[in-house]
*Asks:* 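One structure coming up, written as structure tokens, with questions to follow.
Since the structure is predicted, the reported quantities are computational estimates derived from the model, not experimental observations.
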Amino acid sequence: MKFDNIIIGGGLSGLTCGIKLAEQGRKCAIVSSGQSAIHFFSGSFDLLGQVNGEEVSKPIEAIKNLADTHPYQRVGIENISRLAEEAPQLLNRAGLKFCGKADQNHFVLTPMGVMKPSWLTLDDFTCFDQKDSFPWKKALILNFSGFLDFHTLFVKDGLKKFEVDSQIKNIAMKAFEAIRKNPSEMRSTNIAKVFDKGDVLDEFAKKANLLSEGFDVIILPSVFGLFNKKVVDDLKVKVNKPVVLVPAIPPSVPGIRSQILLSQRFQELGGTFFMGDIVEEGHFENNRLLDVRTNNHGDIKLEADAFILASGSFYSKGIVATHDKLYEPIFGLDIDGDADRSQWLDEKFFKDQPYMHYGVKADSNFRALMKGQVIENLYVAGSVLGGANALKEGSGAGISLLTSLHVVDQILK
């Protein structure tokens, strides 16, 4: 099978690449092994939250303080500014609406009851301008009886710092009795499926309105709108107090919905999605990747003019570490990381761990290197790139989105 472009990885980075290429009329395929990190989506995409341990308020300005090897520096600040405006527009065309701007972080309430800086926040959630205050003084933290993935005491303790008088109440409904019988079934996605049926929300809203008398705001776990975003919108209309949704323990309802919408957008544009498949090897000639073979397609080769590796980092097994080596498991690409295992970790757990900066080596145009040679038509995007500790910086989603858009620009030139 012949395509213009083949993308390896179906997470945020791979889908971003695929959508942008397909919007430009390219015939694209995505090969994805299955569940991606989007299923753990908190509802916010971070651009840059910290540099050298200091909290960042203006991400674009702060990029200049990052190391030259950082993906943002390699993309270039001017390009980052442009692409940071392009990214939410692409997401919006897929049906995902966000608040937030790249030149000024806003804040979101976390499951720990603290305010966290962020770049883009899905409109399910509430964006706050201030880190050290909460707009309401009496808060009802409302949970579902038997739902263990929303830790209400953490939220309550966190709100004490804002001098908020909060109370925790549980709501019981007949519609959830079946899934409550087995604790493993009382998960956010199963609750959301019940609400998606459409006739339960009215009952929930009536009970929530009674329980919230005397309170200024209702805080709820984000378990609404798995397949139907209208459920979230209807909830905020039917409940007569402001509603603040807080992420629950994954799987993430807004995350799965986001994955579905992005995948649908790619396929509606004519893209081919090979879900549940794994690229096993590639055929190279003269420093070019000619085709790949996958587990499900056997001897059928997938050919393309250009390929994008968006397979993720250690979590997604885009990079693998064993007791004696680091390697990229599909093609054996060069890794930008220390070969000496003793250098991978700092004994102080909360330090900036060296291995978090490791990734596939790429040239200035984000083309992969193999045995020191540039592979002319194999590009690298997202967290499989080295040069950043995305967890410590709060930059993971930004790197995924913006390096992907930048890589596509290199292909389209």
Side-chain angles (χ1 to χ4, degrees), residues 9-16 30 32-46 91 94-96 98 108-112 116 118 120-125 142-152 154-155 173 175-176 178-197 200-201 204 219-232 235 243-266 273 275-276 310-318 382-383 390-391 396-397 400-401:
L12 179 61
S13 183
L15 285 164
T16 300
I30 292 176
S32 175
S33 61
Q35 179 177 315
S36 76
I38 302 179
H39 287 229
F40 295 80
F41 179 39
S42 68
S44 293
F45 289 145
D46 299 336
L91 296 168
L96 297 168
F98 292 83
V108 290
L109 184 66
T110 73
M112 299 300 293
K116 172 181 172 291
S118 190
L120 297 174
T121 295
L122 201 63
D123 67 352
D124 293 37
F125 299 90
L142 187 58
N143 196 16
F144 298 87
S145 296
F147 183 49
L148 304 179
D149 292 347
F150 180 52
H151 299 301
T152 52
F154 287 154
V155 179
M173 295 174 60
F176 299 113
I179 59 177
R180 277 193 63 192
K181 292 178 182 178
N182 184 343
S184 66
E185 294 297 317
M186 194 68 174
R187 306 301 301 275
S188 57
T189 48
N190 293 322
I191 296 172
K193 286 175 184 176
V194 175
F195 280 116
D196 274 349
K197 294 176 182 178
V200 180
L201 191 62
F204 173 81
I219 298 173
L220 290 166
S222 179
V223 295
F224 303 90
L226 181 62
F227 302 115
N228 183 5
K229 170 63 166 64
K230 190 173 183 294
V231 174
V232 180
L235 169 73
V243 171
V244 173
L245 296 181
V246 173
I249 290 175
S252 161
V253 169
I256 294 173
R257 187 198 329 137
S258 298
Q259 171 96 42
I260 291 169
L261 289 173
L262 290 168
S263 301
Q264 287 177 344
R265 172 66 174 167
F266 173 66
F273 208 122
M275 176 63 79
S311 52
S313 187
F314 293 99
Y315 169 79
S316 304
K317 298 182 180 178
S383 59
L391 183 63
S400 292
L401 283 165

*Asks:* Could I get the full list of ring pair (Phe, Tyr, Trp, His ring centres under 6.0 Å) partners for F40, not counting sequence neighbours?
*Replies:*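 So F40 forms a ring pair (Phe, Tyr, Trp, His ring centres under 6.0 Å) with Y315.
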*Asks:* Under 4.5 Å between any side-chain heavy atoms of F41 and L122, yes or no?
*Replies:*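 Yes, at least one pair of side-chain atoms sits under 4.5 Å.
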*Asks:* Checking side chain to side chain contact (heavy atoms under 4.5 Å, CB included) against F150, which of L220, I249, V155 comes through?
*Replies:*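 Only one option passes, and that is V155.
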*Asks:* For H39, what residues pass the ring pair (Phe, Tyr, Trp, His ring centres under 6.0 Å) criterion, not counting sequence neighbours?
*Replies:*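 With neighbours one apart ignored, the set is empty.
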*Asks:* So which atom in S383 and which in G312 form the shortest heavy-atom distance, rounded to 0.1 Å?
*Replies:*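 It is OG-CA, 3.3 Å.
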*Asks:* Does S222 use its side chain to pair, donor to acceptor, with the backbone of P247 at less than 3.5 Å?
*Replies:*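 Judged by distance alone, no pair lies under 3.5 Å.
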*Asks:* Restricting to side chain to side chain contact (heavy atoms under 4.5 Å, CB included), what partner residues turn up for S400, sequence neighbours left out?
*Replies:*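 Applying side chain to side chain contact (heavy atoms under 4.5 Å, CB included) to S400 gives L12, S13.
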*Asks:* Does D149 have any salt bridge (charged side-chain N to carboxylate O under 4.0 Å, His left out) partners at least two apart in sequence or in another chain, and if so, which?
*Replies:*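 Checked D149 against salt bridge (charged side-chain N to carboxylate O under 4.0 Å, His left out); matches are R187.
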*Asks:* Which distance, rounded to the nearest 0.5 Å, do you find between the OG of S188 and the CD1 of I256?
*Replies:*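 CD1 of I256 is found 7.0 Å from OG of S188.
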*Asks:* Give a yes or no on whether the backbone of V194 and the side-chain of N190 come within a donor-acceptor separation of less than 3.5 Å.
*Replies:*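 Side chain of N190 to backbone of V194, a donor-acceptor pair under 3.5 Å: no, none is there.
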*Asks:* Ignoring hydrogens and angles, tell me if any N or O in the side chain of N228 forms a donor-acceptor pair with the backbone of D196 under 3.5 Å.
*Replies:*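 No, N228 side chain to D196 backbone: no donor-acceptor pair under 3.5 Å.
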*Asks:* For S33, which residues count as a side chain to side chain contact (heavy atoms under 4.5 Å, CB included) partner, sequence neighbours excluded?
*Replies:*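 Listed in chain order: I278.
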*Asks:* Roughly how far apart are L15 CG and I38 CD1, rounded to 0.5 Å?
*Replies:*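 L15 atom CG to I38 atom CD1 measures 5.5 Å (nearest 0.5 Å).
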*Asks:* Is there a side-chain contact between L91 and L262 in this structure, where contact means two heavy atoms from C-beta onward sitting under 4.5 Å apart?
*Replies:*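 The answer is yes; the side chains approach within 4.5 Å.
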*Asks:* List for me each residue that meets ring pair (Phe, Tyr, Trp, His ring centres under 6.0 Å) alongside F266, sequence neighbours excluded, and say none if there are none.
*Replies:*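 Expected list: none.
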*Asks:* When rounded to the nearest 0.5 angstrom, what distance separates OG in S145 from CE in M173?
*Replies:*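 Nearest 0.5 Å value for the OG-CE distance: 11.0 Å.
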*Asks:* Answer yes or no: is there a side-chain heavy-atom contact under 4.5 Å between P221 and L245?
*Replies:*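 Heavy-atom side-chain distance check fails, nothing below 4.5 Å.
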*Asks:* Tell me, which pairs form a salt bridge (Lys or Arg N to Asp or Glu O under 4.0 Å) where one or both residues lie in residues 245-262, sequence neighbours left out?
*Replies:*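 Salt bridge (Lys or Arg N to Asp or Glu O under 4.0 Å) check on residues 245-262 returns D124-R257.
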*Asks:* Check whether any side-chain heavy atom of T110 sits under 4.5 Å from a side-chain heavy atom of V246, and report yes or no.
*Replies:*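 T110 does not reach V246 side chain to side chain.
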*Asks:* Run the side chain to side chain contact (heavy atoms under 4.5 Å, CB included) test against A178 and tell me which residues pass, sequence neighbours left out.
*Replies:*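 Result, side chain to side chain contact (heavy atoms under 4.5 Å, CB included) vs A178: none returned.
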*Asks:* Considering residues at least two apart in sequence or located in another chain, which fulfil the side-chain hydrogen bond (donor to acceptor under 3.5 Å, both in side chains) criterion with S118?
*Replies:*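 S118 satisfies side-chain hydrogen bond (donor to acceptor under 3.5 Å, both in side chains) with D46 once adjacent residues are dropped.
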*Asks:* Is any side-chain heavy atom of F125 closer than 4.5 Å to a side-chain heavy atom of S42?
*Replies:*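 Heavy-atom side-chain distance check fails, nothing below 4.5 Å.
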*Asks:* Can you confirm whether more than 12 heavy atoms, excluding those of F154, are under 6.0 Å from its CZ atom?
*Replies:*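 Counting other residues, nucleotides and ligands, CZ of F154 stays at 12 neighbours or fewer.
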*Asks:* Measure the CD-CG distance between Q259 and L96 for me, rounded to the nearest 0.5 Å.
*Replies:*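 If I round to the nearest 0.5 Å, the distance is 11.0 Å.
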*Asks:* Report the residues that fulfil side chain to side chain contact (heavy atoms under 4.5 Å, CB included) with S32, sequence neighbours left out, ordered by chain and then residue number.
*Replies:*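 Side chain to side chain contact (heavy atoms under 4.5 Å, CB included) list for S32, sorted by chain: I30, F273, M275.
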*Asks:* Not counting sequence neighbours, which residues clear ring pair (Phe, Tyr, Trp, His ring centres under 6.0 Å) with F204? List them please.
*Replies:*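 Here the qualifying residues are F144, F195, F224.
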*Asks:* Drop me the distance from I260's CD1 to L226's CG, to the nearest 0.5 angstrom.
*Replies:*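 Spacing of CD1 (I260) from CG (L226) equals 5.5 Å.
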*Asks:* What residue pairs, at least two apart or across chains, pass salt bridge (Lys or Arg N to Asp or Glu O under 4.0 Å) with a residue in residues 219-232?
*Replies:*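 Output for this query lists D123-K229, K229-D233, K230-D234.
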